[in-house]
J.: 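Below are the structure tokens for one structure; questions will follow.
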Amino acid sequence: MEPLIKIQNLTVGYDKNPVLENVNLEINENDFMGVIGPNGGGKTTLLKAMLGLLKPTSGKIIFRSDINVRKKPIGYLPQVRHIDRKFPITVFDVVRSGSLMQSQTELNASEIKQKVEKLLFNMGISNIHDKAIGDLSGGQMQRVFLCRALLSDPKILILDEPDTFVDNRFEGELYRHLSYLNKRMAIVLVSHDLGTISTYVKTIACVNGTLHYHPDSKITQDQLNEYNCQVQIIKHGDIPHAILQQHR
């Protein structure tokens, strides 16, 4: 089957300085891909290119024809630390703004309102419907922006470090919800916690100047070293611990 997104020989960066070079990747129906890599390695740059926010220096990104007709074919959950908490907007209006990602003729105002209310209910946050976003916890903020990303019924959902600044209880709920969503959409998840995401993702992309695709969720430290992917594996067990490499 034709992939949802096909990235071919992509080079992209800022002010003619490449951050990622010669990237090749395919995202298919119901993929659940974990994207890992060091800070500055190009994870966010890859997302921006996929979202159409950065123009490639060379190469191309091809969307499958059935999703390319949408104004915005991808649902996106940004990092909550990049959200302006002082902006005067309610939870309901944040989620409703996700309708801008759809064709203007697709739904009327009443239908959009019903969809927003259903998403808030399914996410367990109907009770904060009229709250200002500045009054939300990190977990509540993540739920709100996940609802916003889902309002457009995307074929692909991209999440940029969704486990940042949330407690362990909500983190577990988030991943269980993503596993459910993965039955009807592809998911691309950026995270530093390989130990946690390896329980849920199906494949892994290691990003550090280029991209190495690993067609499985199980990956060893030796493979990470081979990919030049400078992250460490967190071991989860009866006594969680991290194995740290020698450093100065």
Side-chain angles (χ1 to χ4, degrees), residues 4-5 43-54 63 67-191:
L4 296 169
I5 297 180
K43 301 187 301 296
T44 298
T45 299
L46 176 65
L47 299 192
K48 287 182 176 180
M50 292 170 61
L51 292 164
L53 302 176
L54 272 181
F63 292 94
I67 64 171
N68 201 33
V69 297
R70 291 169 176 260
K71 185 178 180 183
K72 296 284 187 182
I74 298 175
Y76 175 54
L77 177 64
Q79 296 182 29
V80 295
R81 64 184 172 208
H82 295 155
I83 305 302
D84 183 1
R85 289 178 173 268
K86 296 180 180 179
F87 192 79
I89 189 170
T90 66
V91 165
F92 179 85
D93 288 331
V94 168
V95 179
R96 183 171 58 179
S97 68
S99 64
L100 299 175
M101 299 180 185
Q102 294 176 304
S103 168
Q104 296 300 306
T105 60
E106 200 165 328
L107 294 174
N108 60 40
S110 176
E111 290 171 325
I112 291 173
K113 182 175 183 293
Q114 290 177 8
K115 283 192 70 175
V116 171
E117 291 173 344
K118 182 177 180 181
L119 283 167
L120 292 173
F121 177 81
N122 290 343
M123 206 66 64
I125 52 174
S126 295
N127 60 320
I128 61 171
H129 179 284
D130 295 319
K131 265 195 173 186
I133 59 169
D135 296 331
L136 305 183
S137 68
Q140 289 173 327
M141 185 81 80
Q142 292 285 26
R143 286 178 171 90
V144 169
F145 279 88
L146 181 55
C147 288
R148 180 183 184 273
L150 295 174
L151 190 65
S152 61
D153 295 321
K155 291 279 189 177
I156 304 167
L157 176 64
I158 291 180
L159 304 100
D160 193 358
E161 298 187 31
D163 43 11
T164 305
F165 304 126
V166 297
D167 57 45
N168 291 335
R169 177 177 173 273
F170 173 66
E171 183 178 81
E173 291 179 6
L174 172 67
Y175 284 113
R176 285 190 292 273
H177 198 76
L178 292 180
S179 295
Y180 171 76
L181 290 172
N182 186 226
K183 296 175 182 178
R184 57 187 175 91
M185 66 185 66
I187 296 176
V188 177
L189 170 67
V190 174
S191 178

J.: Is the shortest heavy-atom distance from the side chain of P154 to the side chain of I74 under 4.5 Å?
T.: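 Heavy-atom side-chain distance check fails, nothing below 4.5 Å.
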
J.: Give, for atom CZ of R148 and atom CG of L119, the distance between the pair rounded to the nearest 0.5 Å.
T.: 12.5 Å

J.: Quick one: CD1 on I158 to CD1 on I187, what's the gap to the nearest 0.5 Å?
T.: 11.0 Å

J.: Looking only at non-hydrogen atoms, find the nearest pair between S191 and Y175 and report the distance.
T.: OG-OH, 4.3 Å

J.: If you round to the nearest 0.5 Å, how far is CG of D93 from NE2 of H129?
T.: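 Separation between the atoms: 8.5 Å.
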
J.: Can you measure from NE2 (H177) to CG (N122) and round to the nearest 0.5 angstrom?
T.: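 The NE2 atom of H177 sits 7.0 Å away from the CG atom of N122.
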
J.: Atom CG in L174, atom CD in Q142: separation rounded to 0.5 Å?
T.: 7.0 Å

J.: Please name the pair of heavy atoms, one in M50 and one in F63, separated by the smallest distance, quoted to 0.1 Å.
T.: O-CZ, 3.5 Å

J.: Looking at V116 and R96, what are the two nearest heavy atoms and their distance?
T.: CG2-CA, 3.8 Å

J.: Would you say the side chain of D135 lies within less than 4.5 Å of the side chain of Q140, judging by non-hydrogen atoms?
T.: no

J.: Can you spot which of V95, L136, L159, V94 makes a side-chain contact (heavy atoms from CB on, under 4.5 Å) with F145?
T.: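 Of all the options given, the one that passes is V94.
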
J.: Once you round to the nearest 0.5 Å, how far does NZ of K118 lie from CG of L151?
T.: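 Going from NZ on K118 over to CG on L151, the span is 12.0 Å.
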
J.: Quick one: are L146 and L157 in side-chain contact, heavy atoms under 4.5 Å?
T.: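 Touching, per the 4.5 Å side-chain cut-off.
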
J.: Please give me the minimum heavy-atom distance between L77 and A149, naming the atom from each residue.
T.: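 Looking at all heavy atoms of both residues, the closest pair is N-CB, 4.4 Å.
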
J.: Between T90 (side chain) and D130 (backbone), is there a donor-acceptor pair under 3.5 Å?
T.: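 Absent.
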
J.: Is there a side-chain contact (heavy atoms from CB on, under 4.5 Å) between V190 and E161 once you walk through the steps?
T.: CA-CA 5 Å; V190 174; E161 298 187 31; 3.9 Å; yes

J.: Less than 4.0 angstrom from a charged side-chain N to a carboxylate O is my criterion; do K115 and E111 meet it?
T.: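 Salt bridge: no.
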
